There are 2 protein chains.
Amino acid sequence: MTTMKEIAEKTGVSVSTVSLVLNDRDEGRVKSGIADQVRAMAEKLGYKPNPLARSLRTSKTRILGFISEEVATTPYAGGIILGAQAAASQLGYMLITVNTDGEDSEDEEITALKRYGADGFLYAKMSNRYTDVPESLTSTPLVLVDATDSRGRFPSVEPDEVHIAYDATTRLIEAGCQRIAYIGCSEPMLAQDRRLEGYRTALEDAGRGYDERLVRNVLNNGPALQAVSDLFDEQRPDGFFCFNDARAWYVYECAARRGLTIGKDISVIGVDNHRVLAETLEPQLTTVELPHFEMGYWSVRKLVSMIEKRDLDDIATPETTAPLPPLDSPIPAMIRCTLIEKGPVAQRA
Amino acid sequence: MTTMKEIAEKTGVSVSTVSLVLNDRDEGRVKSGIADQVRAMAEKLGYKPNPLARSLRTSKTRILGFISEEVATTPYAGGIILGAQAAASQLGYMLITVNTDGEDSEDEEITALKRYGADGFLYAKMSNRYTDVPESLTSTPLVLVDATDSRGRFPSVEPDEVHIAYDATTRLIEAGCQRIAYIGCSEPMLAQDRRLEGYRTALEDAGRGYDERLVRNVLNNGPALQAVSDLFDEQRPDGFFCFNDARAWYVYECAARRGLTIGKDISVIGVDNHRVLAETLEPQLTTVELPHFEMGYWSVRKLVSMIEKRDLDDIATPETTAPLPPLDSPIPAMIRCTLIEKGPVAQRA
DNA sequence: GTGAAAGCGCTAACAA
DNA sequence: TTGTTAGCGCTTTCAC
């Protein structure tokens with residue numbers, strides 16, 4: 001690894017000059033001829049700054065910590081991490097992903113990261129809910145991802161849950177569905193509340209009544225299948241909006257048992273949390289893809305703008321291959337989601 | 001953050017002495033009274049070494065890089081990462097997880113990690129196959145996880161694929177299945193070859209013939225469902241061993257369409273790569289759980305033993321909550337897998 | 001046994 | 001406009 005010292009020697013200047021030039025702080029301080037020489041030499045020797053040494057001096061590491069409980073158990077976090085990494089590498093940061101399977105290891109991992117000098121943290125949950133931020137995180141720049149600080153102290157970047165449900169429900173209405181059910185989540189959760197709201201609003205905007213008999217909020221377990229089964233028998237819905245993969249699968253399963261064809265007899269739109277829909281039921285159902293990538297991407301930009309105390313609107317995207325959101329938009333807190341029509345949605349008279 | 005300097009001042013000794021003591025290199029070099037004082041003061045001030053400063057001096061960072069393409073897209077990597085993190089934190093290392101969605105970003109991320117001074121790398125694939133190690137990784141200690149170096153230069157830690165298939169097939173035989181099918185993978189892959197071998201050996205050990213008409217190697221796509229469907233009609237198998245989730249789902253689907261009950265008419269054992277089985281089909285199928293956690297765990301130990309050029313048999317597990325493999329065992333290259341009987345396996349006469 | 005001193009690679013006052 | 005100096009927190013000879 002070449003050092004500034006080597007460059008200085010080979011160019012016949014001092015290290016400080018090299019430092020100045022290579023950090024682009026040479027404007028009006030170093031003669032441009034010299035500066036060019038230095039840059040050329042750095043290029044020639046393939047100089048790369050040693051981030052450790054720099055950090056030791058500046059006490060800024062350009063390291064970002066990504067904390068999540070779910071990296072390990074769902075592919076859900078995947079897109080978020082990809083997006084976060086894209087933004088981080090774009091901005092010259094390194095993203096360190098840490099998963100804290102339990103409460104115990106959490107603080108431990110966080111302090112480890114802090115000792116390594118992380119400049120800031122992302123704290124990601126797996127489904128939008130009010131969240132208590134661990135105490136150890138409150139003293140550093142922090143952005144919540146797919147979560148909302150229960151005490152309102154920290155900014156967050158989340159999917160636009162109301163719109164998810166509104167769009168899905170509207171799609172079902174437009175397809176001609178008459179009795180549209182919502183299979184929700186019975187745990188208290190922001191995402192659930194807002195999706196129910198979007199579902200309801202869509203119905204009302206279309207001049208339909210909201211009928212709570214068509215709403216079943218269930219858990220991810222045995223009784224859930226029964227509840228959905230009952231819904232089929234009692235209400236005979238012809239359209240379903242489902243909170244997530246598992247719930248969409250219950251509908252799929254119930255339909256199969258009754259000989260109902262999806263796309264003909266009933267239409268199903270599900271939110272694809274765990275990629276189960278994408279991976280197995282793909283041809284059968286229409287899915288809403290959560291904006292994982294975008295959430296990761298924008299939360300990193302938000303975090304970095306907090307750390308560097310400036311807007312990032314000037315930072316363009318030079319050589320990234322990943323699909324990036326338009327960079328001229330300001331950093332959003334809510335992100336619209338994409339409805340993906342992979343499977344058939346029945347068109348009725 | 002307290003520094004050694006502070007401890008030195010408050011104790012009235014020099015930094016070098018403090019360094020000696022706090023690194024346990026004081027035996028016979030520092031009077032034990034002094035040493036105790038230093039330790040007490042360090043404890044009192046809550047001293048934590050600054051890893052950056054240390055690394056700058058020693059050019060060892062105790063950072064491990066975990067490179068994978070699939071962290072982002074499957075939950076498969078999750079267990080591996082958990083295991084790797086458990087081992088790393090046990091051994092005083094920090095694990096940096098990096099996913100390289102495409103070929104392009106891979107080298108970039110690796111060099112970034114190298115500049116941060118990673119002491120070694122884990123290179124993980126998503127299913128056991130011969131793998132070309134990226135050139136940029138060949139100059140640092142490296143362990144492959146769930147993959148085999150195509151040029152045989154680097155050690156790897158993998159599931160015992162033959163046994164997976166042998167055990168699953170044997171289980172089906174013991175349950176009384178007469179016509180046991182294997183739904184495999186048509187891509188060339190170590191895991192596929194070895195599982196086919198295990199399937200075959202189990203049949204032969206049981207005095208059964210191997211009938212290649214009962215084997216269907218398919219891809220993860222549309223025609224696959226048709227192929228499995230044909231298998232049902234042509235061969236009427238009553239037992240299935242499936243390469244992974246998606247393939248198990250094809251069987252599940254075909255059975256459902258024919259009104260066959262799993263656990264009564266047919267038995268299905270699938271390898272749970274993507275947690276789809278665990279999350280949606282859990283009550284229906286018997287799954288083989290790949291030893292993700294263990295793979296991560298043991299590969300880190302292997303890597304660290306390479307880095308530190310010593311055995312790790314003396315390192316015990318003090319305060320980890322995660323389930324750890326027994327620590328007295330030597331580092332294994334192949335890891336046995338667990339067959340999980342979640343669903344019914346038909347018992348026939 | 002202990003401490004002084006040098007240095008890892010870099011940045012930033014301050015001098016010149 | 002450039003170089004000198006000091007120092008980030010730590011480890012490691014080498015004198016004493």
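These figures come from a predicted structure and were not determined experimentally. Quick note on labels: first sequence line is chain A, next is B, and so on, each numbered from 1.
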Set out, line by line, the N/O atom pairs under 3.5 Å between protein and nucleotides 13-16 of chain C.
none

Donor-acceptor under 3.5 Å (B/S19 side chain, B/V15 main chain): no
Side-chain donor-acceptor pair present, A/S139, A/K114, cut-off under 3.5 Å: yes
Contacts of type salt bridge (charged side-chain N to carboxylate O under 4.0 Å, His left out), residue A/D149, not counting sequence neighbours: A/R153
Which residues share a side-chain contact (heavy atoms from CB on, under 4.5 Å) with A/S59, sequence neighbours left out: none
Salt bridge (Lys or Arg N to Asp or Glu O under 4.0 Å) contacts in which one or both residues fall within residues 18-41 of chain B, not counting sequence neighbours: B/D24-B/R39, B/D26-B/R39
Residue pairs passing the side chain to side chain donor-acceptor pair (under 3.5 Å) test where at least one lies in residues 5-18 of chain A, sequence neighbours excluded: A/S14-A/S16, A/S14-A/T17
5' to 3' contact window, DNA chain D with chain B (heavy-atom distance under 4.0 Å): D/dG9 to D/dT12
Partners passing side chain to side chain donor-acceptor pair (under 3.5 Å) against A/T3 (at least two apart in sequence or in another chain): none
End-to-end axis angle, where each axis spans five pairs of the helix from C/dG1-D/dC16 to C/dA16-D/dT1, to 10°: 50°
What nitrogen or oxygen pairs link the protein and nucleotides 6-10 of chain C at under 3.5 Å?
unit_1, atom_1, unit_2, atom_2, d
C/dG7, N2, B/R57, NE, 3.3
C/dG7, N2, B/R57, NH1, 3.2
C/dC8, O2, B/R57, N, 3.4
C/dG9, N2, A/A53, O, 3.3
C/dC10, OP1, A/Y47, OH, 2.5
C/dC10, OP1, A/N50, N, 3.2
C/dC10, OP2, A/M4, N, 2.7

Interatomic distance, B/D26 CG vs C/dT2 P [rounded to whole Å]: 10 Å
Backbone N/O of B/V145 and side chain of B/S156: donor-acceptor pair under 3.5 Å: no
Side chain to side chain, A/T138 and A/E135, heavy atoms closer than 4.5 Å: yes
Side chain to side chain donor-acceptor pair (under 3.5 Å) against B/T61, all qualifying residues, sequence neighbours excluded: B/D119
Pairs flagged by salt bridge (Lys or Arg N to Asp or Glu O under 4.0 Å) wherever residues 52-62 of chain B is involved - sequence neighbours left out: B/R62-B/E308
Set of side chain to side chain donor-acceptor pair (under 3.5 Å) partners for A/S136, sequence neighbours left out: A/D107
